[in-house]
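In what follows, chains are A, B, ... by sequence order, proteins preceding strands, each numbered from 1.
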Amino acid sequence: MKNLLADIFEAAKKELPYLEGKPINFSIPNREEHGDYSTNIAMLLTKELKKKPRQIAQEIIDALDLNPAIVTKTEIAGPGFINFYMNKNYLANIIGIILEEKSHFGKSDKYSGKRANVEFVSANPTGPLTVGHGRNAVIGDTVSNMLEWVGYEVDREYYFNNAGRQMRVLGESVKIRCQQLLGEEIEFPDDHYQGEYIIDIAKKILAGNSNDISSLDDKLFKETAEKEIFADIEKTLAGLNIKMKVFFNENTLYEDGKIEGLLEQFKEKALSYEKEGAIWLKLSELGNEQDKVIVKSTGEPTYRLPDMAYHITKLDRKYDLIIDLFGSDHMATYPDVMAGVKSLGYDIDRIKVLIYQFVTLMQGGEVVKMSTRKANFVTLDELVEEVGADVVRYFFVMRSINTHLNFDLELAKKQSDENPVFYLQYAHARIASILRMTKEEKLEISLDHLNLLNHEAEVRLLKKLNSFRDDMLYAVENLEPQKVSNYLEELAALFHRFYTECRIIGSEKNLAEARIALVNAVKIVLANGLGLLGLSAPDRM
RNA sequence: GCGCCAGUAGCUCAACAGGAUAGAGCAACAGCCUUCUAAGCUGUAGGUUAGUGGUUCGAGUCCACUCUGGCGUACCA
């Protein structure tokens, strides 16, 4: 719809050259008496043209070639807004388009042919996913859906590290639990993984080895733990309808010599140096605050080096867009990694880093502090079991990723019938129900009398349907999943109002059949939006 | 100390990308089901947009400073 107005302005540029290259924005006014669309372009041009904004607005309107079948009226309002009033019959055309495009309505091929990599979750396999990981998982998957929506081919990728200290401690934790289960009196160290799941893994090992672990290699404990935990993680993700395409093991970067190669490149370019037995990267020369260690004096690289190598592999894999998603606790890591990658001549503009703020888990008004090691966490599985995948997914994306999210468990559990996600799904189910009833009444869907859709509630719905495509594209291009949920809440609200004010059964036949077309269109858009968020669109509730 | 994110109604959040009189839900109060799902709708009440300056024809939105909270600021990831 905005494109249409933009085209009309484009054509007017011949007559008014000063419009060339200007940002002509159309917005939907807050107040209906200000029209259906509005632009502020006249006010933006006052300085350059040294004319009164209302005078410029008049010039622009005179130059526009407006088809009355589309735009019925324009006006100059306030300090110099140009307001457009759309033909209601034209607005109703959207119904036909929606009914034809069905599940594709609102999608775009703007980015078709492009490939994206979205890396998310990326938790090391030391324990079950927690509520904290949930926000990451859901945002990552939703962002992936959104990119697919506009044409990208998306690879969902999970990066992990099964070497390192964490994993050693994990293996030891399992071994000690085994020994304890066999009756040995060994104290379980405080800094080891305390969770119940460690004992479960230990039991599995014992069961598979006839209770004799004396001959077992230490590696087995770690590897079994990793395997079990990963299976568990994948199951958790599957419970949220998330499926990773690639599990990228950090270790392959060592095996393929990527880490060595990277070190050599830094050395060749004189970007690294040795000090106190460690190798440092000259990040201060690359515009960052201070130099950082990339190889410890023990000879072990810090996370920065493999992270850089990893990003280089992603760039080498020729993705057009690479998205990293992590929590604000990793805030400090990415500028160093990006600076390192850039210093070797790579184009880091293709990499977008999304940082979401923490989830504060509340339990009856109190903050629950969580730590995987201490095992006083609430698992994502438990949460999904309590409130369902749809609610979990919706809660995690309904707010801007930049803001903290309070997740009150008590509330989420008992809230399940006053929850926004139910509000949306209820609208969908209500329409399904209406359609079942109208079928019994022998009413058919018809596009022949859409001009009868004149009720205020109907016109508002039509306008909202018309903005779906624009709003979704905006949400995707700005990577703001919460815009999708905002749109859906507004659409559902408009539908519920329509429902109370406009009856189908009992209305005159032509009007009733036009309304059936309208609610069918609303149903499709709701389902498409819910699908984009990875939620179900139930026909009954 | 420095960096990033946030601060809007009692609570959780919107505000179309600087625009016109800041809007929803929850909670509170008052209404609406013999007719398509009341998990809904209507109405009332609730605001110095944390504060102070600035830029602008116009600021919740941009800039500066202050205050409050979160996260960082490792030879952890």
Could you run through RNA chain B and flag its stems, i.e. three or more consecutive Watson-Crick or G-U pairs with both distances under 3.5 Å?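 Output for stems: B:1-7 with B:67-73, B:10-13 with B:23-26, B:28-32 with B:40-44, B:50-54 with B:62-66.
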
A:Tyr499 six-ring face occupied by A:Arg430 cation (under 6.0 Å, within 45°):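 That pair qualifies as a cation-pi contact.
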
Can you tell me, in whole Å, how much space there is between the P of B:rC62 and that of B:rC4?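 Roughly 14 Å separates the two P atoms.
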
Could you list the protein-to-nucleotides 62-64 of chain B atom pairs, N/O on both sides, closer than 3.5 Å?
none

Would you call the rings of A:Phe407 and A:Phe395 parallel, tilted or perpendicular, where under 30° means parallel and over 60° means perpendicular?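 Rings of A:Phe407 and A:Phe395: tilted, as their planes differ by 30° to 60°.
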
Angle between ring planes, A:Phe248 versus A:Tyr310, binned at 30° and 60°: parallel, tilted or perpendicular?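 Tilted, since the angle between the ring planes falls between 30° and 60°.
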
Under 3.5 Å, is there any donor-acceptor pair linking the side chain of A:Ser38 to the base of B:rA20?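 Yes, the side chain and the base share a sub-3.5 Å donor-acceptor pair.
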
Is there a donor on the side chain of A:Asp329 or the base of B:rG72 sitting less than 3.5 Å from an acceptor on the other?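 Result: no qualifying N/O pair found.
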
Give every pair of a protein N or O atom and an N or O atom of nucleotides 29-35 of chain B that lie under 3.5 Å apart, one pair per line with the distance.
none

Partner set under side-chain contact (heavy atoms from CB on, under 4.5 Å) for A:Lys73, not counting sequence neighbours: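 Counting only residues at least two positions away or on another chain, A:Lys73 forms a side-chain contact (heavy atoms from CB on, under 4.5 Å) with A:Glu75, A:Tyr85.
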
Answer yes or no: does a side-chain N or O of A:Lys51 lie under 4.0 Å from OP1 or OP2 of B:rC57?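 No.
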
For A:Phe396 together with A:Tyr356, are the ring centres under 6.0 Å from each other?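 Between A:Phe396 and A:Tyr356, which both carry aromatic rings, the centre distance is not below 6.0 Å.
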
Hey, do the aromatic rings of A:His496 and A:Tyr423 have their centres closer than 6.0 Å?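 Yes, the ring of A:His496 comes within the 6.0 Å limit of the ring of A:Tyr423, centre to centre.
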
A:Arg430 has a side chain; which of B:rC36, B:rC75, B:rG40 sits nearest to it?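 The closest nucleotide is B:rG40.
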
What does the B/S/- profile of nucleotides 3-8 of chain B look like, 5' to 3', with a 4.0 Å heavy-atom cutoff to protein? -SSS--

Identify whether any heavy atom of A:Asn486 sits under 4.0 Å from a base atom; if not, whether one sits that close to sugar-phosphate; answer base, sugar-phosphate or nothing.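 The answer is sugar-phosphate, as A:Asn486 gets under 4.0 Å only of primed atoms, P, OP1 or OP2.
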
List in chain and number order the residues that pass salt bridge (Lys or Arg N to Asp or Glu O under 4.0 Å) with A:Lys110, two or more places apart in sequence or in another chain; answer none if no residue qualifies.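 For A:Lys110, the residues satisfying salt bridge (Lys or Arg N to Asp or Glu O under 4.0 Å) (neighbours in sequence not counted) are A:Glu477.
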
